[in-house]
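Please read these numbers as outputs of a predicted model, since none were measured by experiment. Start at 1 and go down the list; that is how both ligands and their atoms are numbered.
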Amino acid sequence: MVNNKPNIKYLFKPRSVAIIGASQSKNKIGYQIVENIKCSKYPGKVYPINPKGGKVLGFKIYKSMREINGNVDLACIAIPAKYTFEAVKTCAEKNVKFLIIITSGFSEIGNIEEERKIVNYAHIHGMQVLGPNIFGIYSSMAPINASFGPSEVISGNVALITQSGAIGVAMFGKTKSENIGLSTVISVGNKSDIDEADLLEYLILHKETKVILMYIEGIKHGDKLVSVLKKTTVKKPVIVIKSGSSKRGALAAASHTGSLAGADEIFSDIMEQCGVLRAESIEEALIWCKFLSNTPTPRGENAIIITNGGGIGVMAADACEKYGVNLYDDINILKKSFSNVVPEFGSLKNPIDLTGPATLSDYENALNIAIKKRDIHSIICLGCETAGFEVEKFPKLIDKIYSKNKSTKPMIFSFLGGIGIEKSISDLRHQGIPIFSDVYSAVSCFGAMYFNYHNLKSQEIIEKNSDEVNIDIKVINDIVKNVLKENRQFLLSHEASAVMKATEMQMPQSYISRNINEAVKYANKIGYPVVMKIVSKDIIHKSDAGGVALDLENENEVLDAYQAIMHNCRRYKPDVKITGVEIAEMIPKGTETIVGARRDKSFGPIVMFGLGGIYVEVMKDVSFRAVPITKREAMSMIKEIKSYPLLLGVRGEGRKDINSIIDTIIRLSKVILECDSISDIEVNPLVVYEENKGVKAVDARILLSKE
Ligand code: COA
């Protein structure tokens with residue numbers, strides 16, 4: 001338990017730092033950290049610690065922490081794991097606020113106890129732990145580079161949080177060659193104490209940080225991360241790279257909701273829900289970071305392409321479609337604005353094609369028109385090295401236009417050509433101009449920019465909250481308690497129906513018959529056709545046991561079905577204990593969907609939606625969101641499935657009742673959020689009727705947690 005957490009600003013701006021394990025040997029990590037601290041021109045007090053004493057890089061080496069006069073804010077520990085705990089104890093004596101434990105050999109190799117012992121001790125003594133198993137921290141605020149990463153760092157406005165050591169160090173190094181300025185680099189390693197969410201919470205209001213890049217391998221407290229990410233992305237863009245996309249099927253397949261997607265699909269969907277950009281590669285992530293940290297926010301959706309080649313223009317238009325960039329298409333305004341700079345054989349439709357012979361002055365004129373036009377919000381400038389293209393002069397023009405307008409309108413450039421063009425691209429990029437030889441890389445930056453733009457816009461829409469739905473949690477908890485008393489981990493169908501009733505969801509009318517006469521009585525009461533289903537705690541998969549009969553039209557069919565169900569189930573499991581047979585209304589046909597909610601290992605409560613039948617079984621066409629969920633988020637998860645157009649109505653059918661699906665998703669999300677004992681709920685099928693005609697939850701499966 002943390003009862004006296006130190007102020008996190010001292011992690012980023014410590015007044016003094018001790019390096020435990022500071023060595024005079026150049027090949028030791030304890031030496032490299034002192035060297036980096038020195039290179040970063042850290043203005044605070046530096047205390048290298050080593051029992052041998054002496055000097056390192058001009059600093060006096062203290063034989064122990066006890067030799068230091070006064071307190072220390074930050075201690076960097078780089079000694080073997082078996083000595084670390086003792087060193088932590090000496091840090092407590094000097095009122096250290098943050099421990100940066102570089103050392104490996106803790107929970108990552110199963111040494112969980114030692115790691116816990118250190119964290120507990122640290123907390124009791126008012127310290128927090130970064131790591132262990134990390135390469136350290138860089139912070140431009142201090143400035144301090146207390147890491148064994150690269151010593152040459154460009155300070156700037158990108159924050160990098162990384163779980164991976166090696167990749168993190170490599171990315172840290174690559175920022176220099178890519179000319180990306182950093183506000184902070186934090187290696188989180190085993191995340192024994194401080195994790196990404198804690199750091200994001202601080203970075204939300206960190207003036208020095210404009211863009212946050214995270215490299216994640218695994219998530220420990222996903223629910224905490226989700227809530228911080230949602231708050232962060234409305235303030236600044238967050239880009240994530242996550243490895244481990246092949247963990248498909250690793251989740252326990254207790255229900256569809258659990259088995260339909262691997263952890264990676266859930267991760268992707270939830271990141272999108274949080275407004276986080278997911279990059280597919282480190283290169284893409286760095287390109288986006290650099291672009292987003294230097295570009296202004298667009299004032300609107302309308303992008304324009306200016307090109308001297310039709311082909312490259314079409315490629316850019318394709319890329320715009322792929323990355324969700326909207327091309328301005330008011331042909332009258334385009335004609336009026338650009339007809340003076342486009343020859344008759346060029347094109348005034350967006351892409352604006354200046355054609356092959358276009359001169360640099362044609363480019364300049366066209367770009368200036370686009371910059372001045374209020375209805376045009378962002379500019380993609382393309383070029384191919386044609387016969388007369390002024391290769392030597394074009395960098396100067398790009399530099400001039402970009403430097404003058406970079407803070408007013410987002411601009412991106414892509415040029416294709418020989419060695420001269422490539423060299424110019426490399427030089428211009430080094431100057432910080434967003435120019436690429438690959439059109440897709442260029443447009444992907446606009447894709448990232450507009451993803452953030454849309455995220456911000458959608459947050460502005462005032463919406464009704466999920467809290468409005470009424471569900472009777474007490475009734476649900478009482479049902480669950482009774483089931484747990486019987487040592488069962490699943491609800492029988494009448495119990496599941498009672499839970500659904502408590503959530504105020506529309507279920508088919510149904511009764512449990514204890515004998516054949518009751519079966520007939522209830523069928524007559526409901527009216528034909530009816531459905532019959534076995535109710536037994538020994539049978540979960542009712543159809544597999546022959547325990548289901550559909551579409552029964554009259555008394556005789558009910559009598560026959562009752563006997564058949566009894567016979568089948570007794571043959572399926574000779575010692576079966578049968579509670580009864582459920583007689584239910586056979587509901588009219590509609591569009592079958594699945595709505596589920598479950599407790600995910602990484603993210604905690606999540607919800608799932610998909611269309612029934614082959615869409616879910618074969619195509620795995622489902623979407624996920626973390627809970628709690630708003631109506632807007634529920635709508636976005638419905639829209640996200642590929643089969644969404646079927647809900648809008650095809651072949652003369654009307655639009656389906658999407659509002660009722662949203663309502664169902666929100667109700668289930670509330671149950672999973674508030675009833676701790678429930679691990680999985682799945683309504684399958686949820687039959688959806690046409691607009692305003694509602695939905696019916698035909699079958700509900702509810703599983704309970706083992707704990
Ligand atoms: N206080 C101060 N100094 C101490 C000490 C203590 N309690 N105990 C040992 N030292 C000194 C040693 O004498 C040595 O100094 P020297 O070079 O003058 O002899 C120095 O600290 C380092 O100790 P050493 O035993 O030589 O360890 P090392 O440098 O070989 O390894 C680690 C230490 C932390 C680097 C190593 O245990 C480790 O964990 N490596 C992996 C780090 C890593 O990859 N982290 C994750 C990156 S993402």
Side-chain angles (χ1 to χ4, degrees), residues 17-37 46-57 59-68 72 74-94 96 99-112 114-115 117-118 121-122 129-138 145-151 160-174 184-196 199 214-218 241 243 282:
V17 57
I19 306 94
I20 301 179
S23 170
Q24 289 168 305
S25 312
K26 287 189 176 171
N27 58 344
K28 295 265 176 100
I29 287 180
Y31 175 90
Q32 289 150 11
I33 294 174
V34 178
E35 192 179 34
N36 274 350
I37 290 175
V46 181
Y47 303 113
I49 312 285
N50 189 312
K52 291 177 189 162
K55 273 192 148 200
V56 56
L57 293 155
F59 296 108
K60 172 191 169 184
I61 298 179
Y62 293 73
K63 290 190 176 157
S64 81
M65 288 289 279
R66 291 178 191 113
E67 260 191 17
I68 300 171
V72 176
L74 193 70
C76 228
I77 301 181
I79 54 172
K82 59 183 176 198
Y83 306 126
T84 300
F85 182 60
E86 284 308 313
V88 168
K89 282 181 167 172
T90 65
C91 292
E93 291 170 28
K94 287 281 133 194
V96 165
L99 297 162
I100 293 187
I101 305 184
I102 304 285
T103 312
S104 303
F106 292 96
S107 65
E108 82 282 6
I109 56 156
N111 191 5
I112 299 165
E114 189 70 6
E115 190 172 295
K117 193 168 89 181
I118 289 172
Y121 186 89
V129 178
L130 187 67
N133 190 28
I134 60 174
F135 62 80
I137 182 169
Y138 162 79
N145 183 0
S147 81
F148 66 90
S151 50
L160 168 62
I161 302 174
T162 169
Q163 189 175 358
S164 162
I167 291 181
V169 173
M171 276 163 74
F172 190 3
K174 214 166 153 45
T184 182
V185 178
I186 313 145
S187 164
V188 288
N190 296 2
K191 301 191 252 190
S192 66
D193 182 12
I194 296 173
D195 62 12
E196 292 94 347
L199 297 166
M214 298 201 293
Y215 182 93
I216 295 182
E217 279 170 350
I241 311 169
S243 55
I282 289 171

_Chi angles and distances behind the side-chain contact (heavy atoms from CB on, under 4.5 Å) call for Tyr83, Ile77_ = CA-CA 10 Å; Tyr83 306 126; Ile77 301 181; over 6 Å; no
With atoms numbered from 1 as shown, which atoms in ligand 1 lie under 4.0 angstrom from a non-hydrogen atom of [X]?
| X | result |
| --- | --- |
| Phe135 | 47 (C), 48 (S) |
| Ile102 | 42 (C), 43 (C), 45 (N), 46 (C) |
| Ile29 | 35 (C), 42 (C) |
| Ser23 | 16 (P), 17 (O), 18 (O) |
| Ala78 | 22 (C), 33 (C), 34 (C) |
| Ile20 | 1 (N), 2 (C) |

Keeping the roles fixed (side chain from [X], backbone from [Y]), state whether a donor-acceptor pair exists under 3.5 Å.
| X | Y | result |
| --- | --- | --- |
| Gln32 | Ser147 | no |
| Glu108 | Phe106 | yes |
| Asn50 | Ile61 | no |
| Asn190 | Ser104 | no |
| Ser151 | Asn36 | no |
| Gln163 | Glu217 | yes |
| Ser25 | Asn27 | no |
| Thr103 | Ile79 | yes |

Of all the non-hydrogen atoms in the protein, which one sits nearest to [atom], and at what distance?
| atom | value |
| --- | --- |
| atom 44 (O) of ligand 1 | Ser104 OG, 3.6 Å |
| atom 20 (C) of ligand 1 | Gly21 O, 3.6 Å |
| atom 14 (C) of ligand 1 | Asn50 ND2, 4.0 Å |
| atom 48 (S) of ligand 1 | Gly165 CA, 3.1 Å |
| atom 3 (N) of ligand 1 | Pro51 CD, 3.3 Å |

Just to be sure I read this right, does ligand 1 sit under 4.0 Å from the backbone of [X], its side chain, both, or neither, counting only heavy atoms?
| X | answer |
| --- | --- |
| Phe106 | neither |
| Val169 | neither |
| Pro80 | both |

*Nearest candidate to atom 28 (P) of ligand 1, where distance is taken over non-hydrogen atoms, out of Glu86, Lys28, Lys52*: Lys28
*Can you tell which of Ile79, Thr84, Asn133 gets a heavy atom nearest to atom 8 (N) of ligand 1?*
Ile79
*Ignoring hydrogens, tell whether any protein atom lies closer than 4.0 Å to atom 39 (O) of ligand 1; use the non-hydrogen atoms only.*
yes
*asked:* Determine whether any protein heavy atom is located less than 4.0 Å from atom 33 (C) of ligand 1.
replied: yes
*Determine the interplanar angle of the Tyr138 and Phe172 rings, folded into 0 to 90°, and report it as parallel if under 30°, tilted if 30 to 60°, perpendicular if over 60°.*
tilted
*May I ask whether Phe148 places a heavy atom under 4.0 Å from ligand 1?*
yes
*asked:* Under a 4.0 Å threshold between the charged nitrogen and the carboxylate oxygen, would Glu114 count as salt-bridged to Lys82?
replied: no
*Carefully, step by step, assess Ile134 and Ile101 under the rule side-chain contact (heavy atoms from CB on, under 4.5 Å).*
CA-CA 7 Å; Ile134 60 174; Ile101 305 184; 5.8 Å; no
